[in-house]
There are 2 protein chains.
Amino acid sequence: MGETTKMTPAARRILDTASELFYSKGIHAVGVETIASEAGVTKKTLYDRFGSKDQLIVAYLEERDQKWREHLFSSMDEVPDDQPLDKILRIFDALENWMSTRNKRGCAFVNALAELSEETHPGRKVIIEEKKWLKELFVSLLEQLQLENPDPIAEQLFILHEGLMVTYSLDIYERGTAGAKETVQKLIETADHKKEEA
Amino acid sequence: MGETTKMTPAARRILDTASELFYSKGIHAVGVETIASEAGVTKKTLYDRFGSKDQLIVAYLEERDQKWREHLFSSMDEVPDDQPLDKILRIFDALENWMSTRNKRGCAFVNALAELSEETHPGRKVIIEEKKWLKELFVSLLEQLQLENPDPIAEQLFILHEGLMVTYSLDIYERGTAGAKETVQKLIETADHKKEEA
DNA sequence: ATAAGAATATACCGATCGGTTTACTTTCAG
DNA sequence: CTGAAAGTAAACCGATCGGTATATTCTTAT
């Protein structure tokens, strides 16, 4: 839907404010009243622009998804297309970079999923789709590496990625992304590759 | 504190009800009114037994922690003490078993952490401690395997564990624990071992 | 027997929740 | 110039939030 939808200035402020509050405090913990006043806007404007809190939540998740993908691609685009392994490693660099500029509140999508328990909530679809997308990204990169069976390895990379993200929200000591990248390399090296060429 | 504390029957019902609702709906999404009536109890009784919603939350997390550790140990105790690798793999079996008997709502601790954003909330300590404990469990088992440097590997196992747990709450296809167990073995096999004996 | 602890029933508290309504003003493109 | 869209201001809605109060009954160990 609203990919490049231009927002009114008030709408922009509302979404920015909501995004920050939803992420840092949690979705249920923040009321529309707070969001409106923090954005310097009346509740009427908020409802005129977004219709409901649920739709505002969806807009928050969609925009975050979009920004994360842009961040990911801008990191991956720095390596040539014929270096899929480096691209994979770049995903983990992008994650570290993404997390280090933010509060220790873990993954916004995982956190949101924890609060949106109703199966029918439209926000859930956004979250599930973004996770599926990432997993498929791993699959396509592993295919370029001539892996015999990329799916199970992609799944391990995905699990590693999710675990890393969650771990950021704990204050446990961590070697950071470096360790995970080593694991990634081990997993790919030890996997079966297609036999090809002369 | 209240390790084996015997509860009054009403308190027992309250905590059971709260535990189920907190996990399945989220903490902020469930009110004390709902918990009390669902447990067949008046609000007065709830407050006489637990003092506040926050303390009830803490009791929920503590008991869940305790039950999870019991579950883990009962699974690990089935293998002899001189087989640390099998014990590690048993942790992942225990996780799969634990998750399969429950709703697809992921890790109760991670979910709770997402909702308890206040640094000072007493529930946060319970969560962080339980995660630290698990990581240390990996460390001690890897030490028994004569690993030169168990910490970074323990961290990878921990990340894998967390990622696996989160992934359960998504409806992404997954090979389940089998793939993760293979990763665990690869990680341990390729790590440096202490040279010893004749 | 009795007194304390555990429970019920019910009414109440101020605050906040998500959301609506009415009336008025500001901005800006056709 | 004008009319629609975007905005402010403020009152209002019923419902629910976490938490307290009072008064009464049931249970049980000493």
Side-chain angles (χ1 to χ4, degrees), chain A residues 2 4-61 112 114-118 120-124, chain B residues 2 4-61 112 114-118 120-124:
Chain A
T4 336
T5 314
K6 56 192 72 174
M7 290 182 191
T8 66
R12 184 66 271 151
R13 260 150 49 218
I14 292 166
L15 186 49
D16 285 344
T17 306
S19 295
E20 203 214 311
L21 291 175
F22 283 159
Y23 182 59
S24 62
K25 313 270 185 187
I27 290 174
H28 286 336
V30 177
V32 289
E33 194 87 54
T34 307
I35 295 169
S37 78
E38 203 102 332
V41 143
T42 54
K43 255 202 292 186
K44 172 138 190 324
T45 303
L46 190 153
Y47 277 90
D48 282 349
R49 295 299 129 241
F50 294 94
S52 70
K53 188 186 182 182
D54 278 338
Q55 286 173 257
L56 181 56
I57 292 169
V58 171
Y60 154 61
L61 293 170
E115 298 209 67
L116 307 180
S117 62
E118 272 185 72
T120 60
H121 195 293
R124 289 186 70 95
Chain B
T4 336
T5 315
K6 59 192 71 173
M7 292 181 189
T8 65
R12 186 65 269 156
R13 259 150 48 218
I14 291 166
L15 186 50
D16 285 345
T17 306
S19 296
E20 203 214 309
L21 291 175
F22 284 159
Y23 182 61
S24 62
K25 313 269 187 190
I27 290 174
H28 285 335
V30 177
V32 289
E33 195 87 55
T34 306
I35 296 168
S37 78
E38 204 102 333
V41 145
T42 56
K43 256 203 288 187
K44 171 121 186 346
T45 302
L46 189 154
Y47 276 89
D48 282 349
R49 294 299 129 242
F50 294 95
S52 70
K53 188 187 181 181
D54 278 337
Q55 285 173 257
L56 182 55
I57 293 168
V58 172
Y60 154 61
L61 293 169
E115 297 208 69
L116 308 180
S117 63
E118 271 186 73
T120 59
H121 196 292
R124 287 186 69 94

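Throughout, a chain's letter reflects where its sequence line sits, starting with A, and its residues are numbered from 1.
- Taking the side chain of A:Val32 as heavy atoms from C-beta on, and the options C:dG18, C:dA7, D:dG7, the nearest nucleotide is C:dG18.
- Counting any heavy atom pair closer than 4.0 Å across all strands shown, A:Thr45 reaches a base atom.
- Taking both residues in full, the closest heavy atoms of B:Thr34 and B:Leu21 are given as CG2-CD1, 4.2 Å, listed atom of the first, atom of the second, then distance.
- To the nearest angstrom, P of D:dG18 lies 10 Å from CG of B:Asp54.
- To the nearest angstrom, C1' of D:dC17 lies 18 Å from NZ of B:Lys25.
- Of the side-chain N and O atoms in A:Arg49, none sit less than 4.0 angstrom from OP1 or OP2 of D:dA5.
- Looking at heavy-atom distances under 4.0 Å, B:Thr42 makes contact with a base.
- Here the closest heavy-atom approach between residue A:Arg124 and residue A:Glu118 is recorded as CD-O, 3.0 Å.
- Residue order along DNA chain C, read from the 5' end via each residue's closest nucleotide, puts A:Glu33 first among A:Glu33 and A:Gly51.
- Remark on DNA chain D: of its neighbouring residues A:Lys44 and B:Lys44, the 5'-side contact belongs to A:Lys44, judged by nearest-heavy-atom nucleotide.
- One finds the CG atom of A:Leu116 at 8.0 Å from the CG atom of A:Asp54 (value rounded to the nearest 0.5 Å).
- Spacing between atom CD1 of A:Ile35 and atom P of C:dC17 amounts to 10 Å, rounded to whole angstrom units.
- Here A:Leu61 contributes atom CG and A:Ile27 contributes atom CD1; the two are 5.5 Å apart, rounded to the nearest 0.5 Å.
- Taking atom CZ of residue A:Phe50 and atom C1' of nucleotide C:dT20, one finds them 19 Å apart after rounding to whole Å.
- Atom C1' of nucleotide D:dA5 and atom NZ of A:Lys6 are separated by 15 Å, given to the nearest angstrom.
- Going from atom CG of B:Leu46 over to atom C1' of D:dC17 covers 14 Å, rounded to whole Å.
- For the pair B:Pro9 and A:Thr34, nearest-nucleotide mapping onto DNA chain C gives the more 5' position to B:Pro9.
- Residue B:Ile35 comes nearest to B:Thr17 through the heavy atom pair O-CG2, 3.9 Å, listed as atom of the first residue, atom of the second, then distance.
- Note: CD (A:Glu115) to P (C:dG18) measures 12 Å, nearest angstrom.
- When distances are taken from the side chain of B:Thr8 to each of C:dA7, D:dA6, D:dG18, the shortest belongs to C:dA7.
- Per the geometry, CE belonging to B:Met7 stands 17 Å off C1' belonging to C:dG5, to the nearest Å.
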